[in-house]
Student: 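I have a structure I would like to understand better, so I am pasting it below and will then ask my questions one at a time.
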Amino acid sequence: MKSLTKLGAVVLPLALLTACASSGHHHSLDTVDITAIKDHFGRVEAHVGKIETHLLQVENTANVALETARSAQASADAANEKVDRMFHKAMSK
């Protein structure tokens with residue numbers, strides 16, 4: 001939440017400056033609709049929450065994939081060792 005507040009503190013002035021620069025008009029703070037800005041940042045905050053949830057799901061999926069890969073590697077190593085033992089046993093006869 002703190003990062004979102006910091007993000008808002010950076011984005012809001014940049015958005016206002018960009019809007020002023022792109023329109024070629026100079027606006028005073030009296031013409032700024034604070035309610036609309038708050039509503040917009042409320043929607044942004046909701047999207048950030050959804051993104052954070054999605055990233056946690058992605059992280060969990062990646063962790064499962066990593067554990068699966070480690071398990072597969074351990075199985076492959078065990079199978080390789082078994083084949084090596086069988087080969088050495090066959091060669092020693």
Side-chain angles (χ1 to χ4, degrees):
M1 190 66 177
K2 288 182 182 180
S3 63
L4 186 60
T5 304
K6 290 179 184 176
L7 177 66
V10 172
V11 172
L12 180 60
L14 290 177
L16 291 173
L17 289 174
T18 303
C20 292
S22 64
S23 66
H25 296 84
H26 294 284
H27 300 281
S28 70
L29 290 178
D30 296 335
T31 62
V32 174
D33 185 0
I34 297 299
T35 304
I37 292 171
K38 286 181 181 179
D39 290 343
H40 177 74
F41 277 104
R43 290 190 302 273
V44 168
E45 185 176 20
H47 287 295
V48 168
K50 290 177 184 177
I51 290 168
E52 287 174 340
T53 300
H54 182 69
L55 288 176
L56 287 174
Q57 292 170 346
V58 168
E59 183 180 21
N60 289 336
T61 301
N63 287 336
V64 168
L66 180 60
E67 288 302 315
T68 302
R70 286 180 176 158
S71 176
Q73 181 66 48
S75 296
D77 289 344
N80 191 34
E81 288 175 16
K82 184 177 179 180
V83 169
D84 282 347
R85 284 193 306 272
M86 290 170 55
F87 175 76
H88 289 294
K89 184 176 180 181
M91 294 302 292
S92 66
K93 289 185 177 181

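Quick note: residue numbers are just sequence positions, from 1. FYI, side chains are in, hydrogens and waters are out, and symmetry mates aren't considered; it's all heavy atoms of this structure.
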Student: When rounded to the nearest 0.5 angstrom, what is the spacing between OG1 in T61 and CG in L56?
Tutor: 10.5 Å
Student: Just grab all the salt bridge (charged side-chain N to carboxylate O under 4.0 Å, His left out) pairs involving residues 68-90, residues at least two apart or on different chains.
Tutor: E67-R70
Student: Can you tell me how far CD of E59 sits from CD of E52, rounded to the nearest 0.5 angstrom?
Tutor: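 Reported to 0.5 Å precision, the distance equals 12.0 Å.
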Student: CG/L55 to NZ/K50 distance, rounded to the nearest 0.5 angstrom?
Tutor: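 Answer for the CG-NZ pair, L55 versus K50, is 14.5 Å.
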Student: Under the side chain to side chain contact (heavy atoms under 4.5 Å, CB included) rule, what do D33 and I37 come out as? Steps first, then yes or no, please.
Tutor: CA-CA 6 Å; D33 185 0; I37 292 171; 5.9 Å; no
Student: Is there a side chain to side chain contact (heavy atoms under 4.5 Å, CB included) between H40 and R43? Walk through the geometry before answering.
Tutor: CA-CA 5 Å; H40 177 74; R43 290 190 302 273; 3.7 Å; yes
Student: Please answer: with hydrophobic residues joined when any side-chain heavy atoms are less than 4.5 Å apart, are F41 and I34 in the same cluster?
Tutor: yes
